[in-house]
Structures are given as structure tokens and as C-alpha cells.
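Below, chains carry the letters A, B, ... as their sequence lines are ordered, and counting in each starts from 1. Here the structure is a predicted model, which means the values were calculated and not measured.
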There are 2 protein chains.
Amino acid sequence: MKELRIRSKIWLEVDGQSFLGDGRYRLLSAVQHNGSINAAARDLGMSYRKVWAQLQAMEKSAPFPILERRVGGKGGGASQLTDEIMVLMEQFQELRNQVNKEADRCFAASFQESKN
Amino acid sequence: MKELRIRSKIWLEVDGQSFLGDGRYRLLSAVQHNGSINAAARDLGMSYRKVWAQLQAMEKSAPFPILERRVGGKGGGASQLTDEIMVLMEQFQELRNQVNKEADRCFAASFQESKN
DNA sequence: AGTCGTTGTGCGAAATTTGCATAGCGATGT
DNA sequence: ACATCGCTATGCAAATTTCGCACAACGACT
């Protein structure tokens, strides 16, 4: 058996449909870091269209606002995350790390219990 | 905050590419239970083409044979799982349950730490 | 030899994804 | 007062991917 590894992921659902997972986490981080959806898209090497669509889908099922957008004005506009989503992102990141760690631990127990 | 739930999944990778996850697990189970790829596809409500393609992709990256196929003959043919993959599926299922349980536990700790 | 239901596959249709192109916006500077 | 600038938002056609129908090959059993 060569190079067998475990991977894990978690995501949060609202009313049974995906709300916050790894991909959206990256998107939101990029928006937070770059100050606008447009800059985030460039930073991620994705089209604005695509990033916008994903954020749109996210907000549609969100139980609270995700982004504060400003159209026009200085710099043409801007977007930033709401406090609520930033808090949730923090919790999400911690959960992900914990679950990931547990996955690695269980995998090691199952597959390397007999050390050579 | 309404109806926020955690979901988790795990999968096994060989040389960095997905090898066994939830979807393929279901496919393999259906093959095992139905005795042929064709019957499995019907059972799952999927087209034979699609099931076949996924199993094909799986075997391409597999470190050992997955299916024993028989073309022609009694009943037109048949397929069954190898012992190796059945052992791995067993381990996979256990891992999935353990990780899932841990995810639920961590989630509860993070989001319901203050019981009302 | 004929039958039967399976594995395996070519290929066009259908669905989805993608990004270009463009409209509308408004705080700021002139 | 109004021109500017870069951002948000979106229509739409092209590109890509997914999908499944249709059919060939196969071989144990009758």
C-alpha cells in the first residue's frame, strides 16, 4: 500500500444547505484582506463574476448579512465583512483544526498500529 | 441564529488524489449488494455510464484491484468487489463514524456551551 | 448455434460554468 | 456643478463538462 493519506473537511449548514465551508472561507478571507470583491478576485486568480456569484449564493441562504457593500464613492466602492461572519469564521477555523487533528489521530490508529 | 449544523466528511487519497470517499463507498456497496455494476446503477437511480465512469476513475488510481468483472456468461456477466477493497471500506466506515462523532462533539462545545 | 443480460464505449445532446462587455453608482477633487 | 474612477452588478454567448442513449462484444448455459 503506497502513500495512503486521510483528508477531512467540515462545513456548516443552515436549513440543510451548505453555508460556510473551506471555499467560501477563503473567499471571505480574501475580501477581508483586500477590501473589495474585485480585489479579492484578482488576488485569488478568479474572475470577479465567479467570486460574486458564490458570495451571492452564500448571502441568499445566510441567516444574517455577510457583506457590507458600498457602490460608487471613493475608489469606486468597497466591501467588507460583517462582525457576525467574522466571529463565525473564527469558530469555523477552530472546528476545522480540531476535526482535522482527530481525523489524523484516528487514521494513524487504524493504519499504523503495527509499526515496522 | 437558526438551524446551524455541522457536517463533516473524510476521504482517503493515494498520491495526493482522491481514492475513496463517501460517493465511491456508496457505489461499491451497491455493487457488492447487487452483484453487478448495471444492477447497482439501477439500484442507485444512476445511469450505468456514470457509475462505470466513476469506478473506472477509481481503479485508475487504485494501488490494488477493486473489482472482479466477468463479461458474458451466465446472466450476461457480473462484478464483485475484491477482498482488499472490502477490508479498506470497513476501515473507512469506522474512521468516518469516529471523525463525525468528534465533529459533532466539538460543534456542541463551541456553539452550545451555554445551555438555556 | 442461439439467448440473455452484462461490460464497455462513441458521440451528440443537454446542462453547467465561465468570462467578456457593459451599465449604474456615488464620494472625491477640480 | 460635474467629471472621474474603480467598484458592484448582470446579460449573454462561448467554452467546457456532464449526461445518457444506442450499440458492439462477450461467454456460460440451454
Can you tell me if A:Glu59 has over 12 outside heavy atoms packed within less than 6.0 Å of its CD?
yes

5' priority, DNA chain C, between A:Gln54 and B:Ala39 [closest heavy atom]:
B:Ala39

What is the distance, rounded to the nearest whole Å, between atom CZ of A:Arg70 and atom P of C:dC25?
16 Å

Figure out the CG/P separation between B:Leu55 and C:dT9, and round it to whole Å.
13 Å

The answer to which of B:Gly75 and A:Ile37 contacts DNA chain D further toward the 5' end, by nearest nucleotide, is A:Ile37

Give a yes/no on whether any side-chain N or O of B:Ser79 is located under 4.0 angstrom from OP1 or OP2 of C:dT6.
no

Could you state the CG-P distance from A:Asn34 to D:dG6, rounded to the nearest angstrom?
16 Å

Please say whether the positively charged group of B:Arg96, taken as NZ for Lys or CZ for Arg, lies over the ring of B:Tyr25, i.e. under 6.0 angstrom from the six-membered ring centre and within 45 degrees of the axis.
yes

Side-chain contact check for B:Asn38: nearest option of D:dA9, C:dT6, C:dT9 is C:dT6

Among C:dT7, D:dT8, D:dC29, which nucleotide has an atom closest to any side-chain atom of B:Lys74?
D:dC29

From the options C:dT6, D:dC19, D:dT10, select the nucleotide whose nearest atom is closest to the side chain of A:Arg49.
D:dT10

Considering only side-chain heavy atoms of B:Tyr48, which listed nucleotide, C:dT6, D:dT8, C:dT9, is closest?
C:dT9

Six-ring centre of A:Phe107, A:Arg7 cation under 6.0 angstrom, axis tolerance 45°
no

Nucleotide of C:dT9, D:dC19, D:dC26 approaching B:Trp52 most closely (side-chain heavy atoms)
C:dT9

Of A:Lys50 and A:Gly73, the one whose closest DNA chain C nucleotide lies more 5':
A:Lys50

Please walk me through it: do A:Gln54 and A:Trp52 pass side-chain hydrogen bond (donor to acceptor under 3.5 Å, both in side chains)?
CA-CA 5 Å; A:Gln54 293 200 24; A:Trp52 177 85; over 6 Å; no

By nearest-heavy-atom nucleotide on DNA chain D, the more 5' of A:Arg42 and A:Gln56 is A:Arg42

Salt bridge or not between B:Arg70 and B:Glu68? Use side-chain N to carboxylate O under 4.0 Å.
no

Side chain of A:Val71 only, heavy atoms from C-beta on: which candidate in D:dG20, C:dT6, C:dG24 is closest?
C:dG24

